[in-house]
Amino acid sequence: MTEQLHPEQPRMDYVDGNMLAGPLQEVFAVDLTTATGRCASCGQTGPVAALRVYSNAPGVVARCPSCTEVMLRLVRTPDSAWLDLRGSTFLQIPMPAESFTTPGPVAM
Amino acid sequence: MGIVSPGFQGRRRPAEPNLPPGQYLTEDFPVLSAGPTPRVSLTDWEFVLSTETGAESRWSWDEMWALPTETPTVDIHCVTHWSKLGTNWRGVSVDTLLDGVDTAADYALVHSYGGYTTNLPLDDLRDGQAWIVHQYDGADLPAEHGGPARLLVPHLYFWKSAKWVRGIRLGLTDEPGFWETAGYHDYGDPWREQRYQGD
């Protein structure tokens, strides 16, 4: 970590959302850091990889880079993962076109 | 469990009698944080104790530290497995703040500058078990450790000792806090290793 130029500026105590690749890949089959999320607090939309992640904690806490409200929390216990996404309105996840099926009634 | 060699104790037992199960000793003071460190000026700082009726007691920084202080020396235990023994603090006993407060509440929700919350039974804040502290090791409490003031409830895992404490809301029902709504134990007794829900 580089030294802050301004002595009164607080030391950066988070890392970027790319840190979430491993912890989330354990829960989901896709890399969610390329997903786009919307902050439920301020409405900012951006990639999960751009979130501010506080991982030196009892769980992983990802905050909106705009308003710093919590968008995602992930706690790993010995036998479960607890994922709280109430701070995110949505996650838009890139998916391959070949797996797309048109929603609607199934043709008989 | 696999093959157990003769003499194996089954569960790891700490060599240090003051060390709860699953904990290791540390001499430094690790900094854990779930968000940016709030910067609160002492002129703006206040502590609010509210009851289930909505009645509030408020203390400014100067009013808080005009109250009688105590200097507890206690062991602290973090749920991330480190323990630090014989830590020295200065603060006001929560008993002093509760003195004269009319309440029938059984539960407390502690809230902090920055938005953090944690819950515990009101009884665990009474009888010399909890303090609002503003000094550590004879010096002002650094912001990264919860300054200007934090809660200290050393008989529970340290996530209950909320940094940057702003107030306590007393209630008739239990309201889970920040980590308690994300898989961590509602009570958090380190001697019973209550780390996660179901422990």
Side-chain angles (χ1 to χ4, degrees), chain A residues 1 3-4 6-17 19-20 23-24 26-28 32 37 39-42 44 48 50-88 91, chain B residues 1 11 21-23 26 28-41 76-82 111-118 142-147 156-164 176-186 188 190 193-199:
Chain A
M1 187 177 294
E3 288 294 316
Q4 297 289 340
H6 197 293
E8 290 178 4
Q9 199 170 358
R11 191 169 53 90
M12 199 170 82
D13 47 6
Y14 58 86
V15 295
D16 70 45
M19 179 273 171
L20 295 169
L24 285 176
E26 192 190 13
V27 183
F28 296 96
L32 283 183
C39 175
S41 179
C42 74
Q44 166 104 348
V48 169
L51 300 182
R52 296 181 177 184
V53 179
Y54 294 80
S55 56
N56 201 9
V60 175
V61 179
R63 292 177 177 268
C64 172
S66 175
C67 72
T68 75
E69 284 295 319
V70 177
M71 285 181 64
L72 178 153
R73 298 187 300 164
L74 181 60
V75 168
R76 185 69 166 85
T77 75
D79 56 7
S80 341
W82 292 68
L83 178 64
D84 176 1
L85 282 168
R86 78 184 113 161
S88 302
L91 284 181
Chain B
M1 181 175 282
R11 189 181 188 120
Q23 297 293 108
T26 185
D28 58 5
F29 197 162
V31 175
L32 276 73
S33 190
T37 299
R39 307 283 163 173
V40 190
S41 80
I76 55 178
H77 311 291
C78 180
V79 74
T80 61
H81 297 277
W82 59 263
H111 51 101
S112 297
Y113 290 98
Y116 181 77
T117 56
T118 188
E144 67 265 28
H145 288 304
L156 300 177
Y157 279 126
F158 211 43
W159 90 76
K160 301 283 186 180
S161 293
K163 295 178 174 185
W164 315 299
F178 186 85
W179 291 119
E180 294 86 354
T181 53
Y184 278 92
H185 199 276
D186 198 59
E193 215 171 347
Q194 294 173 332
R195 299 180 197 276
Y196 307 108
Q197 289 189 28
D199 286 347

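Predicted model only: the values in this text are computed from it and were never measured. Chain letters run A, B, ... following the sequence lines, proteins first and then strands; every chain starts at 1.
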What heavy-atom pair brings [X] and [Y] nearest, and what distance separates the two atoms?
X: B:Y184; Y: A:G59; value: OH-N, 4.4 Å
X: A:M71; Y: A:S88; value: O-OG, 2.7 Å
X: A:E69; Y: A:S41; value: CG-OG, 3.3 Å

Below 4.5 Å from any heavy atom of chain B, which atoms of A:V70 appear? Answer side chain, backbone, both or neither.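 Side chain of A:V70 only, per the 4.5 Å heavy-atom cut-off to chain B.
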
Between A:R76 and chain B, with a heavy-atom cut-off of 4.5 Å, which part of the residue counts as in contact: side chain, backbone, both or neither?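 Just its backbone gets close to chain B.
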
Would you check if the side chain of B:Q197 reaches a backbone N or O of B:H185 as a donor-acceptor pair within less than 3.5 Å?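 No, B:Q197 side chain to B:H185 backbone: no donor-acceptor pair under 3.5 Å.
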
Any donor and acceptor pair, going by atom type alone, linking the side chain of B:K163 with main-chain N or O of B:E144 inside 3.5 Å?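 Pair found, side chain donor or acceptor close to backbone of B:E144.
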
Who wins among A:D84, A:V75, A:D79 for the most heavy-atom pairs under 4.5 Å with chain B?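 Between A:D84, A:V75, A:D79, the count favours A:V75.
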
What residue in B:P30, B:C78, B:G35 has the most heavy-atom pairs under 4.5 Å with chain A?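 Top count of heavy-atom pairs under 4.5 Å with chain A: B:G35.
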
Is B:T37 in contact with chain A via its backbone, its side chain, both, or neither, using a 4.5 Å heavy-atom distance?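 For B:T37, backbone and side chain are both near chain A.
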
